[in-house]
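Heads up: the structure comes next, in structure tokens.
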Amino acid sequence: MSNTDFALAVEDLTVSFDGFKAIDKLTLYIDKNELRVIIGPNGAGKTTLLDLICGKTKASHGSIRFQNIELTKMAEHKRVRLGIGRKFQTPSIYENLSVFKNLEVSFPRGRSVTGALFFKCDDTVKARVQVVAEEIGLATLLETEAGLLSHGQKQWLEIGMLLMQEPELLMLDEPIAGMSARERELTAELLQRICKNRAVIVIEHDMDFVKQIAHKVTVMHQGKILAEGSMDKVQNDPKVIDVYLGH
Ligand code: ADP
Ligand code: MG
């Protein structure tokens, strides 16, 4: 496979914060329709890697290509328009709006800085809201105020808001933190559904959850890749047991 066939190609990526390399010559390739899980101890650089891909943090060195387009110098909002969606750890939904409205305002067309909440709702948008609401399991709660949803439902709503933009790369940082066991199960099913049409990167600590969803696992440590491959392979890797799983 040539490097241009990947959804995402990260090569030799480095970022220094005052001389400290949070990401250190990291190379990583993600296939189209792949669900990749990134694990590793706290401070390994996992969140920083997502910050670099979405453009929140600028790389010091190296390359990030999305569908063979170089991203490293591109502004964050342009990366969103190219199809990169990022969910942060704390959800940013509009608590006082309905589930429907939250999804509607996330539809990319007709959005402006001031007009985000006020554009016309046409049939295309409604149809898209319906599809996404079903995908995230909130189709029966469209009229519910988002603030009244459970913690897990709020997380799914935020994933839905990202799906409204039909991202081709979706990145989720610890999406099941604070969820109930049942919500975790439903989230695993949700992720398996949504990776059919796109590449997905998930950072997660819960190994049972990782086992359920991961196509491949990347283990990070000190800004580098410690191991990569199937869950079985990385779980039995002595280096991984030593720095991460053994604790
Ligand atoms: P992880 O998500 O794997 O727990 P992070 O990516 O959050 O790790 O952090 C990796 C390292 O980079 C940590 O030592 C953290 O303190 C440092 N770091 C992250 N962002 C910054 C920043 N903006 N300035 C300075 N140091 C940072
Ligand atoms: Mg983190």
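A quick note: this is a predicted structure, and the numbers were derived from the prediction, not measured. Just so you know, ligand 1 is whichever comes first in the structure, and atom 1 is the first atom listed for that ligand.
Between the side chains of Thr187 and Gln155, not a single donor N or O lies within less than 3.5 Å of an accepting N or O. Between the side chains of Gln165 and Ser106, no donor N or O sits under 3.5 Å from an acceptor N or O. Side chains of Thr14 and Asp24: a donor-acceptor N/O pair is absent below 3.5 angstrom, by distance only. Using a 3.5 Å distance cut-off with no hydrogens or angles, the side chains of Glu11 and Ser63 do not pair a donor with an acceptor.
When hydrogens are left out, the protein atom nearest atom 12 (O) of ligand 1 is Ala22 CB, 3.4 Å; that is the closest non-hydrogen contact. When only non-hydrogen protein atoms are considered, atom 17 (C) of ligand 1 lies nearest to Phe20 CE2, 4.0 Å. The protein heavy atom nearest to atom 23 (N) of ligand 1 is Phe17 CE2, 3.6 Å. Shortest contact from atom 10 (C) of ligand 1 to any protein heavy atom: Gly43 O, 3.3 Å. For atom 6 (O) of ligand 1, the closest non-hydrogen atom on the protein side is Thr48 OG1, 2.5 Å. Scanning all protein heavy atoms for the shortest distance to atom 7 (O) of ligand 1 gives Thr47 CB, 3.8 Å.
Ligand 1 lies within reach of Gly45, whose nearest heavy atom is under 4.0 Å from it.
Checking atom 15 (C) of ligand 1 against the protein gives no heavy-atom contact under 4.0 Å.
Atoms of ligand 1 lying under 4.0 Å from any heavy atom of Asn42, numbered from 1 in the order shown and given with element: 4 (O).
Considering every non-hydrogen atom in both Thr27 and Ile225, the closest pair reads O-CD1, 3.1 Å.
Ionic pairing of Lys101 and Glu104 is present here: one or more N-O contacts between side-chain nitrogen and carboxylate oxygen are shorter than 4.0 angstrom.
Atom-to-atom distance recorded for Arg65:CZ and Tyr29:OH is 7.0 Å, nearest 0.5 angstrom.
Metal site remark for the Mg ion (ligand 2): Thr47 contributes an N, O or S atom at a distance under 2.8 Å.
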